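Small disclaimer: the values here were computed from a predicted structure and weren't measured.
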Amino acid sequence: QVQLVESGGGLVQAGGSLRLSCVASGSIFRINVMGWYRQAPGKQRELVATITTGGSTNYADSVKGRFTVSGDNAKNTVYLQMNSLKPDDTAVYYCNALLKPKVNFPPANYWGKGTLVTVSS
């Protein structure tokens, strides 16, 4: 069993900051990529940012320059520092990990339950 647990969501005013954290635990052989997706009401889930264990990052255009994704490989943890938040950033933020649970298993995607971020205007 693999669990991803997010924390750090909440209510913030526009222009403010929040930091999300996600810890992966359980049967984990190797993590390839961790990252964040979000889903706003009535919209599809979309990529926010990802980071490989080698440190390569990828961001959605809408968050470039405002959000920073980072990771701690030793702790199987990924962070998302969100600055200059806008009401359009309001969504449930989901942690994602592409990982091998065991040495002879193929990589698979795992998801957290999500944490709500609400940005008021």
Side-chain angles (χ1 to χ4, degrees):
Q1 284 280 37
V2 175
Q3 297 87 35
L4 302 181
V5 178
E6 304 102 334
S7 61
L11 173 64
V12 63
Q13 287 188 331
S17 299
L18 280 176
R19 189 189 194 212
L20 305 182
S21 301
C22 172
V23 179
S25 63
S27 176
I28 299 173
F29 172 70
R30 184 179 68 228
I31 296 176
N32 294 344
V33 185
M34 291 189 77
W36 296 91
Y37 291 70
R38 68 186 181 186
Q39 187 167 15
K43 295 187 177 181
Q44 290 189 332
R45 191 173 299 189
E46 63 177 5
L47 167 76
V48 176
T50 61
I51 184 167
T52 69
T53 50
S56 297
T57 57
N58 182 42
Y59 293 92
D61 288 343
S62 59
V63 306
K64 284 181 180 176
R66 300 188 298 122
F67 292 10
T68 302
V69 64
S70 60
D72 185 333
N73 294 337
K75 296 181 179 180
N76 291 340
T77 300
V78 64
Y79 306 97
L80 185 68
Q81 178 65 44
M82 304 185 292
N83 299 328
S84 301
L85 283 160
K86 306 174 181 179
D88 284 350
D89 295 318
T90 295
V92 176
Y93 284 70
Y94 295 92
C95 179
N96 171 267
L98 177 65
L99 62 85
K100 290 172 61 73
K102 296 182 180 180
V103 62
N104 56 339
F105 279 42
N109 271 305
Y110 293 83
W111 295 91
K113 294 182 178 180
T115 184
L116 178 62
V117 172
T118 304
V119 184
S120 63
S121 57

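- Between Pro101 and Tyr110, the closest heavy-atom pair is CG-OH, 3.6 Å.
- Rounding to the nearest 0.5 Å places CG of Asn58 at 7.0 Å from NZ of Lys64.
- Centroid-to-centroid, the aromatic rings of Tyr37 and Trp111 come within less than 6.0 Å.
- Taking every heavy atom of both residues into account, Leu4 and Ala24 meet most closely at CD2-CB, 3.2 Å.
- Side chain of Asn73 to main chain of Thr53: a donor-acceptor pair is present (N/O by atom type, distance under 3.5 Å, no hydrogens or angles).
- Heavy-atom minimum distance, Pro107 versus Leu98: CB-CD1, 3.9 Å.
- Here Lys75 contributes atom NZ and Ser25 contributes atom OG; the two are 14.5 Å apart, rounded to the nearest 0.5 Å.
- No chain of hydrophobic side-chain contacts below 4.5 Å, direct or via other Ile, Leu, Val, Met, Phe, Trp or Tyr residues, connects Tyr59 to Val33.
- Across every non-hydrogen atom of Leu85 and Leu18, the tightest pair is CD1-N, 3.8 Å.
- The closest donor-acceptor contact from the side chain of Glu6 to the backbone of Cys95 lies under 3.5 Å.
- Without hydrogens or angle criteria, Lys100 side chain to Arg30 main chain gives no donor-acceptor distance under 3.5 Å.
- Judged purely by atom type and a 3.5 angstrom limit, Lys86 has no side-chain atom pairing as donor or acceptor with the backbone of Asp89.
- Taking the ring axis of Tyr94 as reference, the NZ or CZ atom of Arg38 does not stay both within 45° of it and closer than 6.0 Å to the ring centre.
- From Asn96, atom CG reaches atom CZ of Arg45 across 8.5 Å, with rounding to the nearest 0.5 Å.
- The nearest pair of heavy atoms linking Gly9 to Leu20 is N-CD2, 3.6 Å.
- With values rounded to the nearest 0.5 angstrom, Ile51 atom CD1 is found 6.5 Å from Ser70 atom OG.
- The CD1 atom of Ile28 sits 4.5 Å away from atom CG of Asn76, with the distance rounded to the nearest 0.5 Å.
- Counting only distance, with no hydrogens or angles, the side chain of Thr50 and the backbone of Gly35 share no donor-acceptor pair below 3.5 Å.
- Criterion: ILVMFWY side-chain heavy atoms under 4.5 Å apart, direct or through other members. Under it, Val2 and Ile31 are part of a common hydrophobic cluster.
- For Tyr93 (side chain) and Val48 (main-chain N/O), no donor-acceptor pair under 3.5 Å exists by modelled atom type.
- If you check the side chains of Ser17 and Asn83, you find a donor sitting under 3.5 Å from an acceptor.
- Taken from OG in Ser84 to CZ in Arg66, the straight-line distance is 7.0 Å, to the nearest 0.5 Å.
- Under the 4.5 Å side-chain criterion, counting only non-hydrogen atoms from C-beta, Thr90 is not in contact with Val117.
- Residue Trp36 is grouped with residue Phe67 when hydrophobic side chains (ILVMFWY) are merged at heavy-atom distances under 4.5 angstrom, including chains of intermediate members.
- By the criterion of side-chain heavy atoms lying less than 4.5 angstrom apart, applied directly or through intervening Ile, Leu, Val, Met, Phe, Trp or Tyr residues, Val92 is grouped together with Leu47 in one hydrophobic cluster.
- When every heavy atom of Gln3 is checked against every heavy atom of Gln1, the shortest pair comes out as NE2-CB, 3.3 Å.
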